[in-house]
Amino acid sequence: MLPMSNVSPSPGTPMAASPLTRACLEIDEYAAGLGWDKPARLFALVDTARLKKQEPRLASQLGLDTDDAGQSSLTPIEQDTVPSGTPLDKFLGTIAWPDAVVGCALTVERLMLPPSAEASVPEGLTDKQLSKWVAGHPERQEVRITVAVLRDGSRESAVRLREKDSSTEVLTGGGLVPGLAEALAATFA
């Protein structure tokens with residue numbers, strides 16, 4: 001496992017947000033700091049208090065040994081690189097998490113169309129043809145999607161448009177990217 005850089009909560013992170021929302025936004029902010037055109041990144045989510053107790057050296061490496069560092073009850077830990085060239089669904093199907101991992105998250109960049117463009121999607125396209133069609137559509141939007149799930153079924157998503165690349169413009173919600181959330185939840189099955 002690779003520890004994620006210690007990222008301060010973004011100014012737009014609501015203080016009353018759930019621990020899963022805070023973790024999702026922390027990962028989004030971390031990915032934003034790396035810039036665009038990056039590969040997918042996978043994170044384990046661990047209980048911060050349990051990590052501090054059971055793995056004090058790792059907690060210290062992550063900057064969690066200070067009094068104010070444990071504000072979030074979930075700590076994201078970046079995993080090894082997601083292999084390029086492997087379809088994401090096939091890669092996720094190979095993952096099994098140890099019991100200490102209470103959740104996981106993935107950040108990935110994609111092209112999306114507004115709902116108004118859905119009616120113009122040609123029928124019968126293969127996935128490759130559809131991707132090419134979306135890439136050429138004048139209303140396409142580049143987005144970074146971060147989806148986080150817990151073993152108990154809780155889900156959260158953060159979507160950041162490239163053209164509005166600001167922590168105050170990040171859209172959040174548990175049902176924004178249901179297919180990806182379902183695929184991540186299946187890693188705990």
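Note that the CZ atom of Arg151 and the CH2 atom of Trp97 stand 9.5 Å from one another [nearest 0.5 Å]. A distance of 12.5 Å separates NZ in Lys52 from CG in Leu58, rounded to the nearest 0.5 Å. In this structure, the separation between CD1 on Ile77 and CD1 on Ile27 is 10.5 Å, given to the nearest 0.5 Å. Here the OG1 atom belonging to Thr21 is positioned 10.0 Å from the CG atom belonging to Leu74, to the nearest 0.5 angstrom.
Contact record, Glu169 with Lys164: CB-O, 3.5 Å, taken as the closest heavy-atom pair. Of all heavy-atom pairs between Ser157 and Cys24, the closest is C-SG, 3.8 Å. Scanning all heavy atoms of the two residues, the minimum distance from Pro76 to Phe43 falls at CB-CD2, 4.3 Å. When every heavy atom of Glu139 is checked against every heavy atom of Ala117, the shortest pair comes out as OE2-CB, 4.5 Å. For the residue pair Leu184 and Thr187, the shortest heavy atom distance occurs at O-OG1, 2.5 Å. Contact detail for Ala185 and Arg155: the closest heavy-atom pair is CB-NH2, 3.8 Å.
When side chains are defined from C-beta on, Glu55 does not count as touching Val46, because their heavy atoms never get closer than 4.5 Å. Proximity of Leu45 to Leu20: side-chain heavy atoms (C-beta onward) are separated by under 4.5 Å at one or more points. Within the 4.5 Å cutoff, the side chain of His137 has heavy atoms near those of the Ser120 side chain.
Linking ILVMFWY residues whenever their side-chain heavy atoms come closer than 4.5 Å, directly or via other members, leaves Val177 and Leu130 in distinct clusters. Cluster membership check: Val134 does not share its hydrophobic cluster with Leu161, using side-chain heavy-atom separations under 4.5 Å among Ile, Leu, Val, Met, Phe, Trp and Tyr.
Contacts of Gln54 classified as side chain to side chain donor-acceptor pair (under 3.5 Å), with partners at least two apart in sequence or in another chain: Arg50. For the side chain to side chain donor-acceptor pair (under 3.5 Å) test, no residue two or more places apart in sequence or in another chain qualifies with Ser131. Judged as a side-chain contact (heavy atoms from CB on, under 4.5 Å), and not counting sequence neighbours, the contacts of Thr172 are Leu25, Glu156, Ala158, Val170.
With a 4.5 Å cut-off between side-chain heavy atoms of Ile, Leu, Val, Met, Phe, Trp and Tyr, the cluster of Trp36 takes in none.
In this structure a side-chain-to-backbone donor-acceptor pair under 3.5 Å is present from Gln129 to Thr126. Panel note: side chain Arg144, backbone Arg160; no donor-acceptor pair is recorded below 3.5 Å.
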Considering only distance and modelled atom types, tabulate donor-acceptor pairs under 3.5 Å from the side chains of residues 98-116, sequence neighbours left out.
residue, atom, partner, partner atom, Å
Thr107, OG1, Ile145, O, 3.4
Thr107, OG1, Thr146, OG1, 3.2
Glu109, OE1, Asp37, N, 2.9
Glu109, OE2, Asp37, N, 3.0
Glu109, OE2, Lys38, N, 3.1

Do any side-chain atoms of residues 82-93 form donor-acceptor pairs under 3.5 angstrom with protein atoms, and if so which ones, sequence neighbours left out?
none

